[in-house]
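Below you'll find the structure, written out as structure tokens, and then a few comments.
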Amino acid sequence: MARLPRLVVQRHLHHVIAFGHNDQPVALDEADYKAFLNWLRDAAQQSGVAIHAYVLMPSRLQLLATPADKDSLSKMMQALGRQYVPYFNTRHRRSGALWEGRFRATVLDADIYFIPCAHLIEQQPVRAGIVTDPAAYPWSSYAHHAGVRREAWLTDHPAYWALGNTPFDREASYAQRLGTSLPAGLAAEIDAATRKAWLLGSEEFRSRLAKLTSRRLAPARRGRPRKPTESSEG
């Protein structure tokens with residue numbers, strides 16, 4: 001069976017994950033992290049991608065982003081790879097692939113999933129045991145959203161702005177929400193949808209998106225289609 005094209009719909013929110021090849025590190029020290037994020041910023045701006053949330057972990061990258069067109073995400077990741085991979089290989093005297101095949105991405109219903117998915121992304125360093133406070137991890141967007149530091153290259157999503165009328169209100173609400181646990185199963189739901197590239201959202205959102213792309217948005221039903229029942233004349 002032919003592989004479905006990646007699910008990308010312009011001007012909609014996407015969750016993006018890229019893994020290191022064989023779970024190997026993609027950044028080893030502060031210089032690597034800084035270089036990677038600088039090239040990510042440049043690649044996003046040049047490719048027409050608005051980055052709303054991110055975390056760069058030792059062996060993976062996660063983003064919430066809105067592409068300007070259907071090719072923007074691919075252009076951004078390709079540009080990032082052209083700059084960062086030769087730098088990393090040369091600096092650490094290695095060769096070969098750095099990333100595990102294609103990056104994973106899917107479309108999210110921002111009204112439902114932006115805040116939970118941003119929290120899921122920014123909690124990764126805590127869940128991995130690297131830090132105990134997400135604000136202590138310098139390679140994620142949490143400090144920006146919580147008002148600890150300003151990252152001008154990030155684009156605040158409307159769902160973030162809806163948290164309050166002032167920057168202080170938004171930052172306080174965001175930090176408070178991050179302190180609560182995600183609903184059971186939500187992290188697994190977001191991860192599965194992204195890995196399999198199936199849309200995640202309400203039925204109304206699914207209906208709207210179906211008009212914007214010819215790509216299937218959900219798995220096909222299992223089994224053979226039912227045969228129509230023949231009616232008998234009495």
Side-chain angles (χ1 to χ4, degrees), residues 1-24 26 40 43-44 47-57 59-81 84-85 97-124 127 141 155 157 159 182-223 225:
M1 180 184 294
R3 182 169 59 181
L4 286 170
R6 187 181 288 113
L7 178 58
V8 176
V9 182
Q10 61 190 39
R11 295 190 296 276
H12 281 78
L13 181 67
H14 292 68
H15 181 218
V16 179
I17 309 178
F19 297 96
H21 184 63
N22 291 330
D23 206 31
Q24 69 182 9
V26 297
L40 174 62
S47 304
V49 177
I51 305 292
H52 310 297
Y54 74 89
V55 67
L56 177 58
M57 296 288 285
S59 61
R60 71 179 176 276
L61 169 71
Q62 282 184 263
L63 305 170
L64 278 174
T66 298
D69 61 55
K70 64 182 180 64
D71 297 320
S72 294
L73 284 179
S74 292
K75 289 178 180 178
M76 178 187 74
M77 296 301 286
Q78 289 166 5
L80 178 60
Y84 185 73
V85 175
L98 183 61
W99 299 100
E100 182 185 278
R102 305 196 318 163
F103 67 89
R104 322 286 178 86
T106 200
V107 182
L108 302 180
D109 186 338
D111 291 342
I112 299 173
Y113 289 102
F114 176 80
I115 298 298
C117 193
H119 285 178
L120 176 64
I121 288 172
E122 294 167 357
Q123 283 176 337
Q124 292 303 312
R127 293 162 66 96
S141 52
T155 301
H157 193 274
L182 289 173
L186 182 58
E189 181 185 22
I190 293 172
D191 182 70
T194 305
R195 287 175 181 267
K196 297 175 182 178
W198 299 124
L199 176 143
L200 194 56
S202 67
E203 286 301 320
E204 188 274 336
F205 181 73
R206 190 182 303 274
S207 297
R208 282 193 284 116
L209 265 289
K211 299 175 183 177
L212 302 177
T213 179
S214 59
R215 201 266 201 190
R216 199 164 72 239
L217 302 178
R221 292 184 178 180
R222 294 176 178 272

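From a predicted model like this one, the values you see are computed outputs, not experimental measurements.
Of the inter-residue distances, the one linking Trp99 atom CH2 with Tyr84 atom OH reads 7.5 Å to the nearest 0.5 angstrom. Note that the CG atom of Leu120 and the CD1 atom of Ile115 stand 12.5 Å from one another [nearest 0.5 Å]. Rounding to the nearest 0.5 Å gives a distance of 10.0 Å between CG of Leu7 and OG1 of Thr194. One finds the CD1 atom of Ile112 at 4.0 Å from the CG atom of Asp109 (value rounded to the nearest 0.5 Å). Of the inter-residue distances, the one linking Thr106 atom OG1 with Leu200 atom CG reads 7.5 Å to the nearest 0.5 angstrom. Distance check: Asp191 CG to Gln62 CD gives 8.0 Å after rounding to the nearest 0.5 Å.
For Pro67 against Leu73, the heavy-atom pair with the smallest separation is CB-CG, 4.0 Å. Heavy-atom minimum distance, His21 versus Ala97: CB-O, 4.0 Å. Of all heavy-atom pairs spanning Leu63 and Tyr54, the tightest one is CD2-CB, 3.5 Å. Taking every heavy atom of both residues into account, Gly201 and Arg206 meet most closely at O-NH2, 4.0 Å. Summarising the geometry of Ile51 relative to Ala65, their closest heavy-atom pair is CD1-CB, 3.9 Å, with the distance given to 0.1 Å. Minimum heavy-atom separation, Val26 to Gly20: CG1-CA, 3.6 Å.
In summary, the side chains of Asp69 and Ser72 do present a donor paired with an acceptor at a separation below 3.5 Å, with no hydrogens or angles considered. Thr66 and His52 share a donor-acceptor pair across their side chains, judged by distance under 3.5 Å alone.
The one candidate from Gln78, Lys70, Met76, Met77 that meets the side chain to side chain contact (heavy atoms under 4.5 Å, CB included) condition with Ser74 is Gln78.
Between Phe114 and His119 there is no side-chain heavy-atom pair separated by less than 4.5 Å. You'll find the side chain of His15 reaches within 4.5 Å of the side chain of Ile121, heavy atoms only. In this structure the side chain of Met57 never reaches within 4.5 angstrom of the side chain of Leu61, judged on heavy atoms.
Between the side chain of His14 and the backbone N or O of Val16 there is no donor-acceptor pair closer than 3.5 Å.
Here Ala53 pairs with Leu64, Ala118, Glu122, Ser141, His145 under the side chain to side chain contact (heavy atoms under 4.5 Å, CB included) rule; sequence neighbours left out. For Arg104, the salt bridge (Lys or Arg N to Asp or Glu O under 4.0 Å) partners at least two apart in sequence or on another chain are Glu100. Applying the salt bridge (Lys or Arg N to Asp or Glu O under 4.0 Å) rule to Arg208 yields the partners Glu204; only residues at least two apart in sequence or on another chain are considered.
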* side-chain contact (heavy atoms from CB on, under 4.5 Å) between Tyr113 and Ile190, intermediate numbers included -> CA-CA 9 Å; Tyr113 289 102; Ile190 293 172; 4.3 Å; yes
